[in-house]
Amino acid sequence: MNNSESLRKNRQFQFVYKYGRSYANKYLVMYIKENGRGINRIGISVSKKVGNSVVRHRVKRLVKESYRLHENVFNSGLDMVIVARVGACEVGFYEIERALLHLAKLHEIIRIYL
């Protein structure tokens with residue numbers, strides 16, 4: 001993630017949850033809040049309800065890689081929190097990628113829709 005940083009602190013996540021807007025689909029929920037910087041900050045959250053640590057980490061890697069591959073089409077200056085739903089553990093990379101791009105289109109934060 002060249003032009004992006006990670007959200008790491010709980011208060012950063014809570015700020016985006018509280019003041020951001022959200023859209024959801026079958027596999028992911030995306031919260032967006034403008035941050036006034038020139039870079040995006042992304043946080044990925046996967047609950048214990050999704051599965052054990054191996055499954056949660058796999059889902060997190062899939063979401064992170066989907067974002068990394070399409071990072072150049074996202075608008076800049078955003079704080080994003082992506083929450084994986086329980087159904088995300090049963091699908092592969094392409095479904096997660098499609099879900100991420102779908103949510104980006106709903107938020108209108110993507111330059112082109114692939």
Original post:
Between Arg68 and Glu65, is the closest basic N to carboxylate O distance under 4.0 Å?
Top reply: yes

Original post:
Tell me the ring-ring contact (aromatic ring centres under 6.0 Å, His included) pairs involving residues 19-41, sequence neighbours left out?
Top reply: Phe15-Tyr19, Tyr17-Tyr31, Tyr23-His107

**OP:** Take Glu5 and Arg37 through the side chain to side chain contact (heavy atoms under 4.5 Å, CB included) test and state the conclusion after the steps.
**Re:** CA-CA 11 Å; Glu5 294 179 356; Arg37 300 180 181 189; 3.9 Å; yes

How many angstroms lie between atom [atom1] of [X] and atom [atom2] of [Y], to the nearest 0.5 angstrom?
X: Glu108; Y: Ile32; atom1: CD; atom2: CD1; value: 12.0 Å
X: Ser22; Y: Leu28; atom1: OG; atom2: CG; value: 12.5 Å
X: Arg8; Y: Gln12; atom1: CZ; atom2: CD; value: 9.0 Å
X: Arg56; Y: Cys89; atom1: CZ; atom2: SG; value: 11.5 Å
X: His102; Y: Glu95; atom1: NE2; atom2: CD; value: 14.5 Å
X: Asn40; Y: Ser76; atom1: CG; atom2: OG; value: 5.5 Å

Original post:
Any side-chain heavy-atom pair from Ile110 and Asn75 closer than 4.5 angstrom?
Top reply: no

Subject >> For Glu97, side-chain hydrogen bond (donor to acceptor under 3.5 Å, both in side chains) partners two or more places apart >> reply: His70

Original post:
If two hydrophobic side chains count as joined below 4.5 Å and joins carry through other members, does Ile96 share a cluster with Ile109?
Top reply: yes

**OP:** Determine whether more than 12 heavy atoms belonging to other residues, nucleotides or ligands lie under 6.0 Å from atom CD of Glu34.
**Re:** no

**OP:** Sequence neighbours left out, what pairs pass salt bridge (Lys or Arg N to Asp or Glu O under 4.0 Å) with at least one residue falling in residues 74-92?
**Re:** Arg41-Asp79

